[in-house]
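Notes follow the structure.
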Amino acid sequence: MEEEWDGDVAAARALQEALAEKVSLRDGYAKPLRTIAGFDVGFEDGGDTTRAAAVLLDADTLEVLASEIARIPTRMPYIPGLLSFRELPALLLALEALPQAPDLAFVDGHGIAHPRGLGIAAHFGVATGLPSIGVAKKILVGSGSEPHELRGAYTPLRHKGAQLGWLLRSKLRCNPLVVSPGHRVSMASAADLVMRFTGSYRLPEPTRLADRLASRRDEKHAARH
DNA sequence: GCGACAG
DNA sequence: ATCTTGTCGC
């Protein structure tokens, strides 16, 4: 029988507040960047199995250096604001499966653009010590004006008077991404770093590739051999 | 009290 | 997130 999570929401929130204090919003990643990696999570068996994907890329050529998938039984349900407790364990296993840690991690979900400043990308960064950035498709908290239509345009995401991230138009005619610093990445650098690794798709390459591995859909095609 | 609410 | 085909628009 699996160890169920205790259901203590208050305790989980308190832990987030404590961990949020360890987040660094100063650029602390290697320059120049040698490798980067994308992380995402998906579910199988109707949600019983949590599946995490990690894709390591060469920061200069975007060549895929390694792709790993880690599976573990799901321990807790999705609760807005507590996503990292549900998905981080699998993500850490996927990271360990990589031949080497990346200089910078792109995580699907929010960085500090979270009610208590600790979205999954920030939690991942503090837990591993690795520089990280959150790349989400929807806002969790805060608001901002619609960025200009042009690709690469961005506007600040604000909440309670502070800036938590950016609304980034990574692709023409597509809804903006919500980008926020995770750990060891500054607010000023976050959007630029995401655009630097974005090709012709809405999602930056690291996250886009991890997304495809984490979601089930592509093996429906890959299985054909 | 009534919504909103990453994945 | 996941269950799922075709379809409208650029």
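Because the structure is predicted, anything quoted here is derived from the model rather than measured. Chain A is the first sequence line, chain B the second, and so forth, proteins listed ahead of strands; every chain is numbered from 1.
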- Using modelled atom types only, decide if a donor and an acceptor are shared between the side chain of A/Ser180 and the backbone of A/Gly165 within a distance under 3.5 Å. no
- Query: Heavy-atom contacts under 4.0 Å between residues 113-121 of chain A and DNA chain B, which residues?
  - Reply: A/His114, A/Gly119, A/Ile120
- Do side-chain atoms of A/Thr207 reach the backbone of A/Gly38 as a donor and acceptor pair under 3.5 angstrom? no
Under 3.5 Å, which donor-acceptor pairs link side chains of residues 172-179 of chain A to any protein atom two or more places apart or in another chain?
none

- Query: Can you list the steps and then say if A/Leu157 with A/Ile139 is a side-chain contact (heavy atoms from CB on, under 4.5 Å)?
  - Reply: CA-CA 9 Å; A/Leu157 169 71; A/Ile139 291 174; 3.9 Å; yes
- Query: Any donor-acceptor pair under 3.5 Å linking the side chain of A/Ser189 with the backbone of A/Val185?
  - Reply: no
- Note, DNA chain C 5' to 3' with Watson-Crick or G-U pairs under 3.5 Å encoded as ( ), [ ], | and . gives ..........
- Separation of C/dC10 atom P from A/Tyr201 atom OH, nearest Å, is 21 Å
- Enumerate the residues from residues 76-83 of chain A whose closest heavy atom to DNA chain B is under 4.0 Å, giving them by residue number; use none for an empty result. A/Tyr78, A/Pro80, A/Gly81, A/Leu82, A/Leu83
- Item | By salt bridge (Lys or Arg N to Asp or Glu O under 4.0 Å) - contacts of A/Lys137 (at least two apart) | A/Asp108
- Hydrophobic cluster partners of A/Phe124 (side-chain heavy atoms under 4.5 Å): A/Phe39, A/Val41, A/Phe43, A/Leu56, A/Leu65, A/Tyr78, A/Leu83, A/Leu88, A/Leu91, A/Leu92, A/Leu95, A/Leu98, A/Val107, A/Ile120, A/Leu130
- Pair A/Thr74-A/Thr50, side-chain donor/acceptor within less than 3.5 Å: yes
- Backbone N/O of A/Ser24 and side chain of A/His183: donor-acceptor pair under 3.5 Å: yes
- Item | Atom-pair distance (CZ on A/Arg75; P on B/dG7), nearest Å | 22 Å
- Query: Expressed in angstrom and rounded to an integer, what is the separation of A/Arg212 atom CZ from C/dA1 atom C1'?
  - Reply: 19 Å
- Heavy-atom contacts under 4.0 Å between residues 147-180 of chain A and DNA chain B, which residues? none
- Item | Nucleotide B/dC5, atom P - distance to CZ of A/Phe85 in whole Å | 22 Å
- Note on the structure: DNA chain B in dot-bracket form (Watson-Crick or G-U pairs under 3.5 Å, [ ] crossing, | inter-strand) is .......
- Message: Treating A/Asp45 as the side-chain partner and A/Asp48 as the backbone partner, does any N or O pair qualify as donor plus acceptor under 3.5 Å?
- Response: no
- Supply the members, apart from A/Ile72, of the Ile/Leu/Val/Met/Phe/Trp/Tyr cluster built from side-chain contacts under 4.5 Å; use none for a lone residue. A/Leu93
- So which pairs with a foot in residues 9-37 of chain A pass salt bridge (Lys or Arg N to Asp or Glu O under 4.0 Å), sequence neighbours left out? none
- Query: To the nearest angstrom, how far is A/Asp48 atom CG from C/dT2 atom P?
  - Reply: 13 Å
- Query: Does any pair with a residue in residues 137-169 of chain A pass ring pair (Phe, Tyr, Trp, His ring centres under 6.0 Å), and if so which ones, sequence neighbours excluded?
  - Reply: A/Tyr154-A/Trp166
- Message: Show me the pairs that pass ring pair (Phe, Tyr, Trp, His ring centres under 6.0 Å) and involve residues 80-115 of chain A, at least two apart or across chains.
- Response: A/Phe85-A/His123, A/Phe106-A/Phe197
- Message: Using whole Å, what does the distance between atom P of nucleotide B/dA6 and atom CD1 of A/Ile112 come to?
- Response: 18 Å
- Query: Counting side-chain heavy atoms from CB outward, which of B/dA6, C/dT2, B/dG7 is closest to A/Arg86?
  - Reply: B/dG7
- Item | Gap between atoms CZ and P, on A/Phe43 and C/dA1 respectively (whole Å) | 10 Å
- Please determine if A/Glu44 and A/Arg71 form a salt bridge, counting it only when a charged side-chain N lies under 4.0 Å from a carboxylate O. yes
- Message: Does either side chain, that of A/Gln16 or that of A/Arg116, offer a donor lying less than 3.5 Å from an acceptor on the other one?
- Response: yes
